[in-house]
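Reckoned from all heavy atoms, side chains included, excluding hydrogens, waters and symmetry mates. Chain identifiers are assigned alphabetically (A, B, ...) following the order of the sequence lines, protein sequences preceding nucleic acid strands; residue numbering begins at 1 within each chain.
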Amino acid sequence: MRKLAKFNGGVHPPQHKSESNQQAIAGLPLPERLFVPLRQHIGNPAKPLVSVGERVLKGQIIGQPEGYVSAAIHAPTSGKVIAVGPAPVPHPSGLADLCVIIEADGQDEWFTHEPLRYREMDPSAVRNRIRDLGVVGLGGAVFPSFIKLNPGARQKTQTLIINGAECEPYITCDDRLMRERAEDILRGIEIMGYMLHPTEVLIGIEDNKPEAIAAMQAAAARVTFPVEVVAVPTVYPGGGAKQLTRVLTGKEPPAGGRSTDIGVQVFNVATAYSLHRAVHLGEPMLSRIVTVSGNVERPGNYEALIGTPVEHLLTAAGGAKADTARYIMGGPMMGIPLTSPGLPVTKAMNCVIAASEALFPSAPPAMPCIRCGRCAQACPAELQPFELYWHAKSRNFGKTQEYGIFDCIECGCCDYVCPSHIPLVDYYRFAKSEIWAREQEKTAADTARNRHEFRTFRLEREKQERAERLAQKAAGAKTAEAPAETGSDAEAEKAAKKAAIEAALERAKAKKAQVQPQNTDNLPPEKQQEIAEIEARRAKIREMAQQPPDSTGN
Amino acid sequence: MLSAILVMVFLAVLLGSVLGFASVRYKVEGDPLVDKIDAILPQTQCGQCGFPGCKPYATAIASGEADINQCPPGGDEGVRKLAELLGREYKPLNAEHGEEKPKSVAVIDENTCIGCTLCIQACPVDAILGAAKHMHTVIASECTGCELCVEPCPVDCITMQPIAETLSNWKWKYPIIPIRPIATEKQPQ
């Protein structure tokens, strides 16, 4: 039995998992239209590769990765591209973003795809293929997986952790996935192990999912590589990468660092499953399992194509009940509000909760902070949330950084325990995005300074060069035509120009004289005569035309 | 008496040589204060402060020739930072030099542009691309929004457009706690 460590704090919110984890993962009828956002991962959004009117096949690449931290986007089904442009996406801002809108033709015709023979390929080529297959982390951060599969990044991976903790209330998509497709998850883990060469592989699952643990243990017993399924205590946020690392290995990533800094790499179980589909079957990431729960008739898990409108999912779940007031994407602790049920499913969407006032009563008005310190007791990152709140509220961003705001994982434990009902995480998110914006402004200012300095230098240099050229020219003119000395530089230049023009005119004349029309040479004399007459008339007309208009009268 | 003078002379020579050595050894290139002020300024290079660029303004502040509230792009926050750095009293932005505006970029109407290169010559950060008698365009990522190119354009084809909010530059807003009426004992039910 492995000795497990503990992390600070954590909370025990009501689970609400049994509503949705009793039924098997269900498929969905094909929606009419799919809205596929090109920004579904951390990093640069993908660049659209298709145009309006084009027919795309299922699995065809429609968004090319741009830059290093990026991943490809694929058509989830076959159909016609009806628009490439901004459309609303699930994001706390409610802003629109670039999407490819596909009208499904119902044939679901596959693009050519074949399994990856990864053991015969160069590891970097395998990683590039995984990037082109659009595999990103499904645990919440949607970080491109190919980057995490690079063993030589900074430190050798000793421990590979597969995260099946799923600590947020209501969400059961990973639970169902582990129960139903444990073998495929292990095949995905095998690829991860091959890429990273870890000394141990651990699968962490919270002990409130005994069926998932049993299924994973049964599957793990059948594989040839060593892997250990570990039941971890159910504490929110035990599924946070840093928290799970702490529990399983007893090690803690340094402040401001990542799990990789201590030789640990963490992947979600759903990522392992998608990696298996991508590598062993050649299928890009086209769908994901989404939990639909809360105020709906039939809560459950559905395998939804990326780009499916959430309404479609809700209809499959029997529709939202009449008193549904709003929708949440993600869990109740860390989720963000969905501004409309028409928004599409993205790679990051693990759960949709229909919320009613009865299920999620709105928080009472915030009261002043009484510095009771309960938030600090609950904080799994061992921060002092009340201090962070104080400094974020007064826009003292330097201080928030001193108090480690970037180690905050925005889990919402402090919000949950706060007796004054202060929306603490909102303040931290505000402070973090302000700090990022300032950092960006600073880089922009530095670029502007450099460019301005270079321009000043360039202008100075050009001025100097011009002066030098003129001085040289003047000196040259002096020696060449010493008697016809014109005096100033400007006049010398003028004379030189004039001479050049005259020389050019001479050359043109000579050329003209050389090139005579040859077809008139051997004609009879009367013809020659006629031509001469015509030429004379032409010359006269030309002369008349060249006369200034005022001299021609009226 | 003599020994006292000798001791004093010896000390003067010793300390003088130490100071002289230190001034050569630890010589500071440039004025660190000017650089610190320059780091706070937004580097728009717009000249609204009355100086030809951010660095000259920083030099003027350091030498006491200019006040700290002459930079509209730096805004109120810039003034506060300068006040903190220089240990001076905060003052509101001087309206003579303009007012704080949302960040914007110059946009050239490409149908109207005649290719005169006047805006290229005016741009302090070389953010306009083009050649004589060819269409010009602004490299938006390098534009500081200084508006210096607007004035010289003979056909008025340059406009300043505020930067639109996208997912890349969206920021979480300061939390606002909505005020809701609650039932109190005094109110009738």
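- Between chain A and the options B:C123, B:C143, B:G53, heavy-atom pairs under 4.5 Å are most frequent for B:C123.
- For A:Y403 and A:Y389, the distance between ring centers is not under 6.0 angstrom.
- At a 4.5 Å heavy-atom cutoff, the contact between B:D38 and chain A is made by backbone and side-chain atoms alike.
- Per-residue heavy-atom pair counts under 4.5 Å with chain B were compared for A:E453, A:K442, A:R458, and the maximum is reached by A:R458.
- Heavy atoms of B:T144 lying under 4.5 Å from chain A belong exclusively to its side chain.
- Checking each of B:K103, B:K173, B:K171 against B:E165 for a salt bridge (charged side-chain N to carboxylate O under 4.0 Å, His left out) leaves exactly one that passes, namely B:K173.
- By the salt bridge (charged side-chain N to carboxylate O under 4.0 Å, His left out) test, A:K432 is found to be paired with A:E410, residues two or more places apart in sequence or in another chain being considered.
- Contacts of B:W170 classified as ring pair (Phe, Tyr, Trp, His ring centres under 6.0 Å), with partners at least two apart in sequence or in another chain: A:H91, B:W172.
- Chain B forms more heavy-atom pairs under 4.5 Å with one residue of A:L95, A:V89, A:I422 than with any other, namely A:L95.
- Interface remark: A:S93 contributes backbone and side-chain atoms alike to the contact with chain B (heavy atom separation under 4.5 Å).
- Only the backbone of B:Q121 comes within less than 4.5 Å of a heavy atom in chain A; its side chain stays farther off.
- Within 6.0 Å of CD in A:E357 there are more than 12 heavy atoms belonging to other residues, nucleotides or ligands.
- For A:Y427 and A:W390, the distance between ring centers is not under 6.0 angstrom.
- Residue A:A431: no heavy atom, backbone or side chain, is found under 4.5 Å from chain B.
- Taking chain A as the reference chain and counting heavy-atom pairs below 4.5 Å, the highest number among B:P42, B:S168, B:S141 is found for B:S168.
- Checking A:R451, A:H452, A:R455 one by one against B:D126, the side chain to side chain donor-acceptor pair (under 3.5 Å) holds for a single residue, A:R455.
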